Amino acid sequence: MKILKFGGTSVGSAQNIRKVHQILNSDQYQNTLVVVSAMSGVTNLLEAALHRAASEDRAFEEDLHNLEQLHITTIEELFPVALHGALISYIKREVNKLETLLEGAYLIGETTPRLKDKVMSYGEQFSSYLINEFFKSKGLPSTLGDSKAVIKTNEKFGNATVNLPLTFKLIQDNIDTTAKEIRVFPGFIASSSNGYTTTLGRGGSDYTAAIFAAALHAEELEIWTDVSGMYTADPRMVKQAFAIPLISYEEAMELSHFGAKVLYPPSIQPVLEKQIPILIKNTFDPDAPGTRVSHNSNGAKRAVRGISRIGKISLLSLEGPGLIGIPGTSHRFFQTLSNGNINIILITQASSEHSICVGISNDDAEKAEELISAEFQNEISENKVYKPVIEQDLSIIALVGDRMKSYQGLSGRMFSALGKNNVNVRAIAQGASERNISAVIADKDVKKALNTLHEAFFEEQVKQLNLFVMGAGNVGKRFLEQVRAQKKYLKEELKINVRVTGLANSRTMIFNDQGIALDTWEASLNEGEKACPEQFRQKIKAFNLRNSVFVDITANREVAFSYAEYLSSSVAVVTCNKIAASSDYDHYKDLKDLSRKYNTPFLFETNVGAGLPVLDTLKNLVISGDKINQIEAVLSGSLNFIFNHYDHSTTFDQVVKQAMEEGYTEPDPRIDLSGIDVMRKILILARESGYHLELDDIESNDFLPEGALKTDSVDAFLEVIQQNRSHFEQLLKKADEKNCKLKYVASFNRGKASVGLKEIPADHPFYNLEGKDNIVLFYTDRYPEQPLNIKGAGAGAEVTASGIFADIIRTVNN
Ligand code: ADP
Ligand code: ASP
Ligand code: MG
């Protein structure tokens with residue numbers, strides 16, 4: 001005989017009930033016992049209705065109406081019209097009885113656990129009735145069974161204990177295992193020896209089915225639900241989770257105890273004792289293999305089998321010098337909680353005797369605090385023990401696996417993965433069986449923590465990167481295009497899955513935690529919500545995703561000053577915006593320190609030389625113990641373009657205009673010609689070499705005619721340089737006479753930096769610098785005479801975008 005259980009979603013609508021029928025309408029299920037849950041949402045609705053009634057809130061009538069409507073609609077959709085009358089009047093009659101019960105609770109303004117079980121039992125009563133009628137109407141030989149008559153419990157209402165010997169006997173005496181028919185039984189409900197309705201705890205229909213399976217020595221117990229098995233983590237929380245093909249009873253029990261709702265924990269014991277395997281199947285994908293829970297979980301390659309969590313947890317801790325060396329204190333602590341019927345979910349491993357800390361349900365927190373305060377009243381008043389402390393809104397996350405005990409370093413890996421993603425661990429426990437390692441964390445971090453651990457233990461190979469990109473101009477566009485083009489390669493070759501999760505320009509912003517489609521981002525961004533840097537940041541924080549990177553492709557000051565907030569939330573920062581790294585030294589230093597403190601990269605390679613690996617090379621020199629003594633560099637693509645094109649056939653102002661037109665300068669050419677941009681770059685190089693320098697410390701040898709930089713508009717500036725053509729001709733002539741070329745050079749020498757126009761002789765490495773190329777020469781202890789030399793295109797959208805991209809990939813190896 002087969003035993004199948006269908007859960008709330010599986011029977012949650014007419015359409016789904018049809019699927020259940022299709023599954024059962026096959027030869028292999030001719031002799032079957034089917035346990036059903038209430039239609040999904042119904043048990044909650046009944047609970048809410050009773051709660052409202054007992055709080056003297058007439059809104060319970062609306063709940064009842066909704067309940068009635070749901071079942072009537074299901075009848076109308078499932079059955080031929082001729083059957084509607086009888087079925088609907090059954091529902092109405094029963095809803096009337098239910099209403100009488102609720103009215104009673106309303107009148108006295110309270111409820112009892114006994115009444116609650118009676119009310120909650122209606123969900124399964126209705127669903128089993130309708131499903132049996134539906135099978136009959138489809139020609140299946142089906143009868144409705146009465147779980148209350150065969151499953152006998154004590155009167156611990158809400159979570160009754162089953163008298164298994166008696167129940168097994170009643171089931172065996174009442175069910176003919178040879179009859180070729182389907183017997184539908186309501187799950188979850190039972191009765192006491194006094195005949196009162198009891199229930200087996202939320203999710204208890206699984207247990208009902210397990211009891212039938214054990215009593216009838218079924219070959220297998222099939223649990224049909226809305227997912228394709230027991231997953232490596234709750235698939236609603238972790239998209240990458242996958243069904244575990246084989247799992248041991250113990251592992252399944254541990255996972256379900258720690259929150260894997262797909263199986264109600266008590267369901268395992270009865271079938272484990274009789275060695276009946278459980279098969280978890282998906283009603284909506286019957287061909288998927290599902291999960292088999294049995295004695296034998298051979299073939300497991302991984303030490304960790306699954307990750308689960310329990311939400312709504314509080315930590316209760318008691319501390320004080322009086323706890324040391326006084327025997328019996330912890331006994332009193334636990335006894336008090338036990339007397340108060342408070343379930344201890346986790347005990348942490350405090351190594352000192354000086355504190356006791358346990359995890360309990362949020363619902364029990366207040367009561368537990370009162371009970372412990374009362375028990376230790378004397379010690380508290382004498383200051384030997386401090387008042388108990390409650391921390392709420394926490395969750396427990398647990399790694400589970402039979403084979404974890406034979407592996408070393410798992411907890412190290414677990415906690416370092418959490419730490420790297422800024423998940424604060426409040427308490428730790430390891431089950432004595434070593435089948436589980438648990439951590440208590442804030443509720444708000446659960447999704448991130450589960451995904452982080454899933455990635456660390458089940459997707460070792462692929463690392464997810466979540467990019468939040470601000471700025472979609474020239475460079476931004478190229479960058480997004482490069483990401484789009486490289487995505488596949490990165491995933492296949494480097495095992496990095498890059499996803500642009502947020503994107504903004506100065507007008508609008510968009511988000512998608514599954515990744516913004518990179519071939520249609522422009523259209524999507526146009527439709528986005530209004531952009532705001534602060535809200536962009538709040539949004540990233542709210543997403544709370546692991547491996548998040550904020551990518552600043554703006555030149556915006558406000559944005560540059562928000563990096564500290566990102567870094568201290570463990571969001572890496574990659575930027576081509578020079579403002580932060582060249583701001584006050586203290587601010588720069590702060591950002592570097594935050595990056596170190598939170599182990600979160602802050603990278604700005606493109607601040608100097610666009611995509612050229614200047615800062616990365618410098619960093620490698622410094623960390624390997626080299627010392628930077630001197631730097632000589634041409635760092636402005638714009639100035640290089642201007643001086644390369646300026647000869648006696650033209651005038652300086654014309655070359656500047658040409659550079660502006662061809663996009664080689666900033667819209668305001670004074671930013672380039674004043675040298676401020678180059679000053680910022682040499683400042684950053686000096687700082688990254690380990691020197692404490694401010695922008696004001698840099699000597700700037702201005703080569704412009706008087707008053708040029710004091711002009712109040714670009715036009716006025718161009719006017720001044722036009723009027724001073726001879727000034728520039730002089731500069732050029734002097735250089736020519738010495739056979740030199742003019743280059744705008746940045747120098748740093750043992751703590752001092754300067755920028756300015758220099759005459760470069762023909763044998764100098766700068767002499768042949770073409771177009772918009774940059775060059776940097778590092779003189780170090782290891783490269784004293786022949787400097788380390790980095791040269792290449794130092795401006796342009798494409799190379800800048802690739803520099804940003806390279807920084808992003810560097811964050812992965814952090
Ligand atoms: P049913 O009504 O069929 O009993 P439940 O809602 O009680 O279904 O349990 C199935 C749900 O359990 C899934 O939809 C899933 O969200 C949740 N769940 C939590 N952890 C896991 C896990 N590790 N594997 C599968 N499902 C899980
Ligand atoms: N209907 C009950 C509940 O929602 C039992 C079950 O679905 O297993 O808890
Ligand atoms: Mg369930």
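Keep in mind the model is a prediction, meaning the values are calculated, not measured. Values below: all heavy atoms of this structure, side chains included; hydrogens, waters and symmetry mates excluded. Both counts, for ligands and for their atoms, begin at 1 and track the order of listing.
For the pair T32 and L24, the minimum side-chain heavy-atom distance is below 4.5 Å. L33 places a side-chain heavy atom less than 4.5 Å from the side chain of M1.
Between the T143 side chain and the R183 main chain, no donor and acceptor come within less than 3.5 Å of each other. Panel note: side chain K448, backbone V423; no donor-acceptor pair is recorded below 3.5 Å. Remark: side-chain polar atoms of S191 are paired, donor with acceptor, to backbone N or O of K148 under 3.5 angstrom. Between the side chain of T198 and the main chain of F157, no donor-acceptor pair closer than 3.5 Å is present. Distance alone, capped at 3.5 Å, places no donor-acceptor pair between the N132 side chain and the S128 backbone. A donor-acceptor contact shorter than 3.5 Å is absent between the side chain of S248 and the backbone of H295.
The shortest N or O to N or O distance between T232 and ligand 1 is not below 3.5 Å. Between D226 and ligand 1, a contact under 3.5 Å exists for at least one N or O pair. Considering backbone and side-chain atoms alike, P235 places every N or O at 3.5 Å or more from each N or O of ligand 1.
Counting only residues at least two apart or in different chains, salt bridge (charged side-chain N to carboxylate O under 4.0 Å, His left out) contacts with residues 205-219 comprise K5-D206.
Proximity to M230 (heavy-atom distance under 4.0 Å) selects the following atoms of ligand 1: 24 (N). Near V262, with a cut-off below 4.0 Å to any heavy atom, the atoms of ligand 1 are 9 (O), 10 (C), 12 (O), 24 (N), 25 (C), 26 (N), 27 (C). Those atoms of ligand 1 with a heavy atom of A233 less than 4.0 angstrom away are 23 (N). Each of the following atoms of ligand 1 lies closer than 4.0 Å to a heavy atom of T225: 1 (P), 3 (O), 8 (O), 10 (C).
At least one heavy atom of G229 sits under 4.0 Å from some atom of ligand 1. For G306, the closest heavy-atom approach to ligand 1 does not fall below 4.0 Å. Ligand 1 is approached by K5 to a heavy-atom distance shorter than 4.0 Å. By the 4.0 Å heavy-atom criterion, S308 is excluded from the residues contacting ligand 1. Residue contacts with ligand 1 include V227, since one or more of its heavy atoms lies under 4.0 Å from the ligand.
Between the side chains of N547 and Q464, no donor-acceptor pair is found at a separation under 3.5 Å.
Under the salt bridge (Lys or Arg N to Asp or Glu O under 4.0 Å) criterion, E103 pairs with R58, sequence neighbours left out. Taking D63 as the reference, R52 meet the salt bridge (Lys or Arg N to Asp or Glu O under 4.0 Å) condition, with sequence neighbours excluded.
With rounding to the nearest 0.5 angstrom, the CZ atom of R426 is 13.0 Å from the CD1 atom of I396.
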Distance dump, ligand 2 polar atoms to protein, N/O, under 3.5 Å:
{"from": "ligand 2", "atom 1": "1 (N)", "to": "T43", "atom 2": "OG1", "distance (Å)": "2.7"}
{"from": "ligand 2", "atom 1": "1 (N)", "to": "E124", "atom 2": "OE2", "distance (Å)": "2.7"}
{"from": "ligand 2", "atom 1": "4 (O)", "to": "T43", "atom 2": "OG1", "distance (Å)": "3.3"}
{"from": "ligand 2", "atom 1": "4 (O)", "to": "R202", "atom 2": "NH2", "distance (Å)": "2.9"}
{"from": "ligand 2", "atom 1": "7 (O)", "to": "S37", "atom 2": "OG", "distance (Å)": "3.2"}
{"from": "ligand 2", "atom 1": "8 (O)", "to": "G203", "atom 2": "O", "distance (Å)": "3.3"}
{"from": "ligand 2", "atom 1": "8 (O)", "to": "G204", "atom 2": "N", "distance (Å)": "3.4"}
{"from": "ligand 2", "atom 1": "8 (O)", "to": "S205", "atom 2": "N", "distance (Å)": "3.1"}
{"from": "ligand 2", "atom 1": "8 (O)", "to": "S205", "atom 2": "OG", "distance (Å)": "3.2"}
{"from": "ligand 2", "atom 1": "9 (O)", "to": "R202", "atom 2": "NE", "distance (Å)": "2.6"}
{"from": "ligand 2", "atom 1": "9 (O)", "to": "R202", "atom 2": "NH2", "distance (Å)": "3.4"}
{"from": "ligand 2", "atom 1": "9 (O)", "to": "G203", "atom 2": "N", "distance (Å)": "2.8"}

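Remark: minimum distance from atom 17 (C) of ligand 1 to any protein heavy atom is reached at D234 OD1, 3.7 Å. Among all protein heavy atoms, the one lying closest to atom 16 (O) of ligand 1 is R236 NE, 2.8 Å. Ranking protein heavy atoms by distance to atom 2 (O) of ligand 1, first place goes to G8 N, 2.9 Å. For atom 6 (O) of ligand 1, the closest heavy atom belonging to the protein is K261 NZ, 2.9 Å. The nearest protein atom to atom 24 (N) of ligand 1, hydrogens excluded, is given as Y231 N, 2.8 Å; this is a heavy-atom distance.
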The test is ring pair (Phe, Tyr, Trp, His ring centres under 6.0 Å); show your working for F242 and Y231 and say whether it passes.
CA-CA 5 Å; F242 50 89; Y231 278 58; 8.1 Å; no

